[in-house]
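Data first, discussion second: the structure below is written as structure tokens.
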Amino acid sequence: MLDFSLSKEQLDIKERAHEFAVKFMRPVARKYDETGEWAVDVYKAAFDFGYLQALVPAEFGGAGKTQVEEAIVCEELAWGCGGLYTSIMANGLAMTPVLIAGSPEQKKKWLGMLAEEPRFAAFSLSEPNAGSDAGSMSCRAEKRGDKYILNGTKCYCTNGGYAEWYALFCSTDPNKGARGTSCIVVPRNTPGLVVGRSLDKMGQRASNQVELYLNDAEVPVENLLGKEGMGFIIAMKTLDQTRAAVAAGGVGVARAAYEIALEYAKTRIQFGQPIFSNQAISFMLADMAKKIEASRLLTYQAAWMTDNGLKNSKQSAIAKTFATDTAMEVSTDAVQILGGNGYSRDYLVEKCMRDAKLLQIYEGTNQIQRLVIAKEIQQGN
Ligand SMILES: Cc1cc2nc3c(=O)[nH]c(=O)nc-3n(C[C@H](O)[C@H](O)[C@H](O)COP(=O)(O)OP(=O)(O)OC[C@H]3O[C@@H](n4cnc5c(N)ncnc54)[C@H](O)[C@@H]3O)c2cc1C
């Protein structure tokens with residue numbers, strides 16, 4: 001049966017997350033955007049609210065949230081600040097390979113520690129020469145006795161500078177290409193692992209991305225998730241599940257920009273009337289509202305499919321592409337509606353525009369999402 005209304009419990013989750021964003025994110029969003037510092041105070045509060053450990057199952061001490069609940073929260077967090085949202089959301093990204101392929105002991109160990117205190121983990125798939133073509137990675141894990149010896153370089157690892165461990169993808173059999181890929185949990189204190197400098201970015205500057213250098217880094221074989229050769233499947237399944245949270249981020253950033261533009265259009269007087277009275281402006285706002293609503297519905301659908309154990313490669317790629325393209329379009333139009341003020345740092349819309357751009361790039365660019373959608377529809381899905 002179709003039901004488009006949120007339950008009382010879901011509405012409470014949304015309201016609480018909005019209050020969190022108003023109280024802990026908006027007041028410091030500009031500061032962390034400018035400094036790029038690690039927002040310890042915000043992440044401590046996010047832990048107290050259960051957001052850092054949202055996807056850790058209750059049996060391991062976490063909040064045990066569903067993907068729909070995660071999407072509801074993520075929209076509000078991204079409304080608060082795109083960069084801070086990414087730091088919090090990416091903890092869910094990092095823990096998903098463990099949720100998908102970890103043994104009960106691995107879940108207890110790696111997820112349990114994230115539920116004990118404000119702690120981070122990171123998802124490390126990308127390499128300097130293997131971005132969209134992630135299956136061509138060259139980072140190598142060689143099995144020697146009861147250890148894997150890792151060598152290679154990973155990049156763009158979100159939260160990597162502050163993570164306790166990395167869900168790291170590497171090749172255990174270079175002759176097999178993507179089918180020779182495995183996912184190994186690499187603890188931060190692993191000898192031979194060096195964390196590089198933080199990336200200086202256009203937007204989402206409160207979030208942290210680093211390169212990781214692995215020089216004969218030794219990891220126990222028991223840190224392998226699933227079986228050797230399952231890494232690429234784990235990565236793709238992970239991204240199918242987590243793209244709804246990125247789509248939700250798109251909805252949140254778009255909504256933040258839209259609300260400011262709407263208020264401005266109703267109060268800014270030119271030629272003796274509010275600029276909203278011009279159809280050129282009101283139609284822009286109508287299009288914004290239309291795309292935001294559609295994005296949210298697609299986001300909930302993709303998340304709901306994960307919660308119900310349904311394969312959602314197509315729907316999560318559609319939701320991610322539509323919602324994050326919407327964030328980019330809406331925030332760009334919001335800057336236009338505010339005119340000169342839109343371009344100044346006195347208003348948040350320019351930040352929304354910078355933050356939105358990244359949503360179209362990470363967790364698979366929107367070109368790659370279109371490849372996923374095309375492959376799915378070619379197969380009749
Ligand atoms: C701030 C930030 C955070 C990130 N966080 C993480 C993280 O936590 N973990 C992680 O593993 N990675 C992370 N990434 C990496 C991100 O997922 C990659 O940047 C992305 O997948 C694209 O890879 P690339 O940058 O190498 O671009 P490329 O793959 O080199 O692509 C360049 C351009 O070509 C296009 N393109 C490539 N192939 C095709 C094709 N076949 N058809 C059409 N167009 C194509 C792309 O869409 C893009 O526009 C992050 C990146 C950034 C910038």
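Start at 1 and go down the list; that is how both ligands and their atoms are numbered.
Taking the charged nitrogens against the carboxylate oxygens, R16 and D12 have no contact shorter than 4.0 Å, which rules out a salt bridge. Ion pairing between a basic and an acidic side chain is recognised when a charged N comes within 4.0 Å of a carboxylate O; K290 and D287 show such pairing. Classification of E76 and R255 as a salt-bridged pair holds, one side-chain N sitting under 4.0 Å from a carboxylate O. A salt bridge between E222 and K109 is absent, with no side-chain N of the basic residue lying under 4.0 Å from a carboxylate O of the acidic one. Salt bridge present: E350 and R30 bring a charged side-chain N and a carboxylate O closer than 4.0 Å.
Counting all heavy atoms, side chain and backbone alike, V98 lies closest to K107 at O-CE, 3.4 Å. Residue G250 comes nearest to A327 through the heavy atom pair O-CB, 3.4 Å, listed as atom of the first residue, atom of the second, then distance.
Under a 4.0 Å criterion applied to the non-hydrogen atoms of L125, ligand 1 contributes the atoms 10 (C), 11 (O). Within ligand 1, the atoms closer than 4.0 Å to a non-hydrogen atom of K201 are 1 (C), numbered from 1 in the order shown. Taking a cut-off of under 4.0 Å to the non-hydrogen atoms of T365, the atoms of ligand 1 that pass are 22 (C), 46 (C), 47 (O). Each of the atoms 17 (O) of ligand 1 lies under 4.0 Å from some heavy atom of E363. Close contacts of ligand 1 with Q367, meaning ligand atoms under 4.0 Å from a residue heavy atom, involve 43 (C), 44 (N), 46 (C), 47 (O), 49 (O). Ligand-side atoms of ligand 1 in range of T158: 3 (C), 4 (C), 5 (N), 6 (C), 7 (C), 8 (O), range being under 4.0 angstrom from any heavy atom.
Protein non-hydrogen atoms do not reach within 4.0 Å of atom 32 (C) of ligand 1.
Among the atoms of S124, none of the N or O lies under 3.5 angstrom from an N or O of ligand 1. Between S126 and ligand 1, at least one N/O pair is under 3.5 Å apart. Taking only nitrogen or oxygen atoms, main chain and side chain alike, F123 reaches within less than 3.5 Å of ligand 1.
For atom 29 (O) of ligand 1, the nearest non-hydrogen atom of the protein is S132 OG, 2.7 Å. Among protein heavy atoms, atom 20 (C) of ligand 1 sits closest to I361 O, 3.7 Å. Protein heavy atom at the shortest distance from atom 26 (O) of ligand 1 is G131 CA, 3.3 Å. For atom 42 (N) of ligand 1, the closest non-hydrogen atom on the protein side is L371 CD1, 4.0 Å. Shortest contact from atom 4 (C) of ligand 1 to any protein heavy atom: Y156 O, 3.3 Å. Closest to atom 39 (C) of ligand 1 among all protein heavy atoms lies I368 CD1, 3.9 Å.
Checking N366 against D325 by side-chain atom types alone, a donor-acceptor pair falls below 3.5 Å.
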Exercise. Before giving the answer on side-chain hydrogen bond (donor to acceptor under 3.5 Å, both in side chains), spell out for Y213 and E211 the whole-Å C-alpha distance, their side-chain angles and the decisive distance to 0.1 Å.
Key: CA-CA 7 Å; Y213 309 107; E211 290 201 336; 2.6 Å; yes
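For the pair R119 and W165, the cation-pi criterion (under 6.0 Å, within 45° of the ring axis) is not fulfilled.
Residue R26 qualifies as enclosed at atom CZ: its count of foreign heavy atoms under 6.0 Å is above 12.
Looking at T86, L358, L168, L239 and measuring to atom 53 (C) of ligand 1, the nearest heavy atom belongs to L358.
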